[in-house]
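Here's the structure we're looking at; comments come further down.
Note: hydrogens, waters and symmetry copies are ignored here, and every other heavy atom, side chains too, is used. Nothing here was measured: the structure is a model prediction, and the numbers come from that model.
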Amino acid sequence: QQYVRVLALDPTYNEALNNLGSLYLMRGDLARAEELFANSLERNPNFSDAYYNWGQVKALRGDFAAAAQLFERGLALVDDGEMWYELGNARAQLNQLPEAALAYRKAIELSGNDSRSLYNMAEVLLVTGERVLASGEKKQALDLWREAEGLLARLVALDPSHQRAASRLQQVRVRLQ
């Protein structure tokens, strides 16, 4: 209600448009959220938060190509670890694993010990290693799996309760024997 009142007084208040869109997004009203994020960007095409939020809507709708484009437009404005992470997710959903790996690497660089970025990067490396092995490049596959092992070990050291990471770490270590 507060955002609606603010926008009634000043319909150009971009942060209120974006925040109201975020509220609709949280409530699951993707159509209304998307409309507000688009409106926000129409008024201010340099507002990175609206690109991020609109990208979230596109990803929830399964339009990962559009989500990736929106995240990239936002990243052209601000170097943000969370947005890099979401770009990695969109690229992974599109089966663009090298691009996903680049995005996760950047997310890790900016966010340090973000468990989601560490885990997803390790998963991308493991899948890429499988593909490389299938093409006959055993040494390269092993190098990718060792890097994944390092990321998973780092994650488990940071969060010993992360069961999926601990399980994957065990699997990778068996594979590397």
message: Could you check whether atom CZ of R168 has more than 12 heavy atoms from other residues, nucleotides or ligands sitting under 6.0 Å from it?
response: yes
query: Counting distance only, does the side-chain N/O of Y119 pair as donor-acceptor with the main-chain N or O of L151 below 3.5 Å?
result: no
field: Close side-chain approach of L142 and K139, heavy atoms under 4.5 Å
entry: no
message: Restricting to non-hydrogen atoms, name the atom on G55 and the atom on A67 that form the minimum distance, rounded to 0.1 Å.
response: O-CB, 3.4 Å
- request: Find out whether R175 and L126 are in side-chain contact, i.e. whether some heavy atom of one side chain is under 4.5 Å from a heavy atom of the other.
  value: yes
- prompt: Would you say the side chain of H162 lies within less than 4.5 Å of the side chain of L118, judging by non-hydrogen atoms?
  reply: no
- request: Any chance you could measure N53, atom CG, to L17, atom CG, to the nearest 0.5 Å?
  value: 12.0 Å
statement: On a heavy-atom basis, the closest approach of S135 and V132 is OG-O, 2.7 Å
- prompt: What are the two closest heavy atoms between A92 and A100, and how far apart are they?
  reply: N-CB, 3.7 Å
Close side-chain approach of W84 to D79, heavy-atom, < 4.5 Å: yes
query: Under 4.5 Å between any side-chain heavy atoms of N113 and R154, yes or no?
result: yes
- prompt: Is the shortest heavy-atom distance from the side chain of N95 to the side chain of L97 under 4.5 Å?
  reply: yes
task: I would like to know whether L25 and L30 meet side chain to side chain contact (heavy atoms under 4.5 Å, CB included); could you show each step before the answer?
output: CA-CA 6 Å; L25 175 60; L30 301 183; 3.6 Å; yes
task: May I have the step-by-step check of salt bridge (Lys or Arg N to Asp or Glu O under 4.0 Å) for K58 and E86, ending in yes or no?
output: CA-CA 11 Å; K58 293 294 189 182; E86 293 298 344; over 6 Å; no
- request: Drop me the distance from E137's CD to L144's CG, to the nearest 0.5 angstrom.
  value: 11.0 Å
task: Please collect all ring pair (Phe, Tyr, Trp, His ring centres under 6.0 Å) contacts where either partner lies in residues 129-152, sequence neighbours excluded, each pair once.
output: none
task: Write down the atom of G21, the atom of A33, and the distance for their closest heavy-atom approach.
output: O-CB, 3.3 Å
field: Shared hydrophobic cluster, L94 / V57 (ILVMFWY, side-chain heavy atoms < 4.5 Å)
entry: no
- prompt: With a 4.0 Å cut-off, would you call R164 and E123 a salt bridge?
  reply: no
- prompt: How long is the span from the OH atom in Y52 to the CG atom in L87, to the nearest 0.5 Å?
  reply: 12.0 Å
field: Enclosure of Q170 CD (heavy-atom neighbours >12, cutoff 6.0 Å)
entry: no
message: Could you see if L60 belongs to whatever hydrophobic cluster contains L36? Use Ile, Leu, Val, Met, Phe, Trp, Tyr and a side-chain cutoff under 4.5 Å.
response: no
message: Quick check: is V124 connected to V127 through a chain of hydrophobic side chains (ILVMFWY, heavy atoms under 4.5 Å apart)?
response: yes
message: Hydrophobic clusters here meaning ILVMFWY residues chained together by side-chain heavy-atom distances under 4.5 Å, can you tell me if L125 and L169 are in one?
response: yes
field: Donor-acceptor under 3.5 Å (S22 side chain, N18 main chain)
entry: yes
- request: Using a 4.5 Å cut-off on heavy atoms from C-beta on, say whether the side chain of S167 contacts that of Q171.
  value: yes
message: Between K106 and E109, does any side-chain N to carboxylate O distance fall below 4.0 Å?
response: yes
query: At what distance, to the nearest 0.5 angstrom, does CE of M121 lie from CG of L155?
result: 13.5 Å
Any donor-acceptor pair under 3.5 Å from Y51 side chain to P45 backbone: yes
query: Can you get from F37 to L77 by hopping between Ile, Leu, Val, Met, Phe, Trp and Tyr side chains that sit under 4.5 Å apart?
result: yes
query: Yes or no on side chain to side chain contact (heavy atoms under 4.5 Å, CB included) for L23 and L20, after CA distance, side-chain angles and deciding distance?
result: CA-CA 5 Å; L23 181 64; L20 184 58; 4.2 Å; yes
message: Distance check, rounded to the nearest 0.5 Å: R91 atom CZ versus N120 atom CG?
response: 15.5 Å
- prompt: Hey, what do you get for CD (E82) to CG (D114), rounding to the nearest 0.5 Å?
  reply: 7.0 Å
- prompt: Side chains of R32 and R27: does their closest heavy-atom pair fall under 4.5 Å?
  reply: no
query: So, for S48 and G74, which heavy atoms are closest and what is the spacing to 0.1 Å?
result: CB-O, 3.9 Å
- request: Answer with yes or no whether the side chains of Y85 and D80 bring together a donor and an acceptor at under 3.5 Å.
  value: no
Nearest heavy-atom neighbours spanning F71 and M83: O-SD, 3.4 Å
